[in-house]
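As structure tokens, the structure follows; a few thoughts come after it.
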Amino acid sequence: MSSIIKSALSRRTLLKTYAAGAASLGMPAFLSSPAQAAGVREFSLKAAPGLVRLVPEPHGETPAWCYNGTVPGQQIRVRQGERLRIAVENGLAEETTVHWHGLRVPNAMDGVPHLNQPPIAPGGSFVYEFDAVDAGTFWYHPHQRSFEQVGRGLYGPLIVEEPEPPRIDRELVWVLDDWRLTKSAEISDDFGNGHDMSHNGRVGNTVTINGRVPDVLPVRNGERIRLRLINAANARIFGLDFQGHIPTVIALDGQPITPHAPAGGLVVLGPAMRADIMLDMTGRPGSRVSVIERFYRNLEYRLVDLAYDETPLRDTTPDWPVSLPANPLPEPDLAGAHRHEVIFNGGMMGGMVMAEMGGSMGEGSRAGMGGGMMGMMHRQGIWFVNGKAAEGHVLDPMLTLERDGSHVIAMTNATAWHHPIHLHGHSFRVISRNGEPTRHREWQDTVLIAPRERVEIAFVADNPGDWMFHCHILEHQAGGMMGVIRVA
Ligand code: C2O
Ligand code: CU
């Protein structure tokens with residue numbers, strides 16, 4: 001974990017320097033406490049039931065589960081290199097934890113119950129502490145029964161600012177979510193049902209931006225907006241079409257990428273994925289442009305309207321540079337990398353895909369399919385990673401990676417569904433799809449794999465410990481689509 005160690009070291013050096021300075025200035029001891037010297041930023045989050053206004057009047061408010069009373073939870077915002085100390089209190093009637101999605105934190109701070117820490121009991125609390133190693137757009141959410149806890153509203157944005165962010169007029173953070181609401185605006189309580197688990201997860205009927213069904217976003221011609229997108233939905237994949245505007249993608253999953261226009265103009269985000277885009281507002285003053293969400297064929301809808309002011313902000317599109325400084329990620333050595341194979345299978349119509357791909361079902365799959373469809377629905381194991389369906393978070397490692405070595409994991413999606421596959425504790429380069437090298441060799445922590453697709457990722461396993469590796473469609477995860485990767 002060279003980069004993490006490095007930052008810890010520089011922090012220590014910083015500490016020493018600060019302490020020396022404090023002593024020579026005759027400062028009182030409490031001012032030179034390590035916490036202040038290291039630039040520790042303190043936050044507290046309380047998970048508890050609350051009432052939120054997701055949908056406009058005349059609908060009522062929605063009983064949800066919230067951090068500090070809101071959905072999304074409070075935005076945590078720090079600068080790169082700062083240390084976070086976050087006290088989490090559990091006001092729910094069940095156990096919880098918090099996972100800092102995409103942040104490269106030490107294993108004990110990763111928030112997976114039983115694997116990294118004991119779950120936080122109702123009424124209990126836990127203090128997380130780690131350095132913000134990478135700048136970027138991240139988020140936090142529980143890792144305990146996530147399919148229900150996240151689905152009821154427990155999530156929030158975590159932004160780590162670059163030391164010198166690119167020039168913009170305005171920054172917006174959009175946390176996208178998708179809810180299954182009843183007619184009375186209550187959250188439908190059919191969490192984890194067999195149909196959602198074995199198909200494409202809990203896709204809902206109400207999409208929100210920052211916890212509200214959006215209406216209009218006022219903008220001005222000539223304005224440059226940095227939009228940080230976070231998909232906090234259990235299962236919905238978003239494909240955003242900014243109609244006539246050409247978004248420039250500058251980061252994916254928090255990690256800088258060569259600035260480019262997305263393929264087909266569509267910004268695609270599987271669950272848990274993030275994108276930072278630069279949007280130049282080039283529409284006519286006084287006009288309205290709809291942002292359309294069109295990932296699922298024939299199911300497109302208007303997400304929000306961009307409403308242009310009559311007066312432009314400026315006459316020309318800004319020519320300010322948009323690229324972001326790189327984060328301190330170790331570069332994998334592809335020639336000398338260890339190779340590993342991972343196959344995902346299961347789910348409805350999985351057998352057909354396996355036959356078509358010329359493979360045979362794993363041991364677990366046979367067991368799962370053998371009981372017939374009904375048998376399968378009532379069982380935990382619906383999805384399989386290398387033939388095994390996981391139950392609970394304490395698992396024998398499916399792979400053990402040599403620490404500080406370079407590793408390539410080739411992943412095959414032998415199912416009929418998309419899966420956003422997430423690895424904890426690391427970011428990886430996506431190096432190929434179906435044998436074709438990717439254009440940007442993007443760094444991600446969650447990679448969306450299409451049905452029948454084969455994706456290769458590469459990274460240096462520099463963060464020791466047992467790390468979760470799972471599908472971020474939370475019903476798939478609950479249905480067995482996860483494993484543990486050990487770095488030792
Ligand atoms: Cu966003 Cu294992 O989690
Ligand atoms: Cu999945």
Side-chain angles (χ1 to χ4, degrees), residues 72-73 96-105 107 109-117 137-147 149-151 154-158 175-177 192 196-203 230-237 253-254 269-274 342-350 353 381-385 389-390 392-395 411-427 444-453 455 463 465-485:
T96 194
T97 63
V98 181
H99 170 59
W100 315 97
H101 186 114
L103 287 127
R104 296 186 294 142
V105 303
N107 194 256
M109 295 292 125
D110 200 44
V112 178
H114 307 292
L115 188 72
N116 307 134
Q117 66 170 97
T137 303
F138 304 98
W139 67 299
Y140 59 90
H141 63 79
H143 221 282
Q144 171 75 4
R145 299 186 64 255
S146 324
F147 65 96
Q149 294 195 2
V150 177
L154 287 171
Y155 57 79
L158 198 163
V175 188
L176 302 165
D177 196 5
D196 287 347
M197 287 239 233
S198 58
H199 291 73
N200 58 345
R202 183 182 173 90
V203 174
I230 301 170
N231 182 355
N234 280 34
R236 181 181 289 273
I237 302 169
D253 289 355
L269 289 173
M273 295 169 65
R274 288 90 62 214
V342 173
I343 295 187
F344 300 103
N345 59 38
M348 287 298 276
M349 303 185 295
V353 175
I382 298 175
W383 300 94
F384 305 88
V385 186
H393 284 106
V394 184
L395 306 161
M411 300 185 282
T412 302
N413 177 1
T415 79
W417 309 94
H418 281 82
H419 303 286
I421 301 297
H422 173 45
L423 172 64
H424 286 211
H426 301 78
S427 288
Q444 303 229 249
D445 54 61
T446 307
V447 59
L448 189 61
I449 311 184
R452 303 163 180 81
E453 193 176 27
V455 170
N463 201 353
D466 281 0
W467 301 102
M468 292 307 300
F469 172 73
H470 64 90
C471 180
H472 222 290
I473 289 179
L474 301 175
E475 292 70 31
H476 293 178
Q477 179 192 6
M481 203 166 192
M482 64 178 165
V484 163
I485 292 186

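Atoms within a ligand are numbered from 1 in the order they appear, just like the ligands themselves.
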Could you tell me how the ring of [X] sits relative to the ring of [Y]: parallel (under 30°), tilted (30 to 60°) or perpendicular (over 60°)?
X    : Y    : answer
H101 : H422 : parallel
Y140 : W100 : tilted
H143 : H99  : perpendicular

(message) Looking at the Cu ion (ligand 2), is there an N, O or S atom belonging to H418 that lies under 2.8 Å away from it?
(response) no
(message) Testing the 3.5 Å rule here: is there a donor-acceptor pair between the side chains of Q117 and T97?
(response) no
Metal proximity, [X] vs atom 1 (Cu) of ligand 1, N/O/S cut-off 2.8 Å:
X    : result
H143 : no
H99  : no
H472 : yes

(message) Quick check on the 6.0 Å ring-centre criterion: do W383 and H419 meet it?
(response) yes
(request) Drop me the distance from I237's CD1 to H472's NE2, to the nearest 0.5 angstrom. (result)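 Answer for the CD1-NE2 pair, I237 versus H472, is 13.0 Å.
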(request) Considering just N/O/S atoms, say which atom of H101 is closest to atom 1 (Cu) of ligand 1. (result) ND1
(request) Please note down the angle at atom 2 (Cu) of ligand 1 between NE2 of H470 and NE2 of H424, to the nearest 10°. (result) 110°
(request) Kindly report the ND1-the Cu ion (ligand 2)-ND1 angle for H419 and H476 respectively, rounded to 10°. (result)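 About 100° at the Cu ion (ligand 2).
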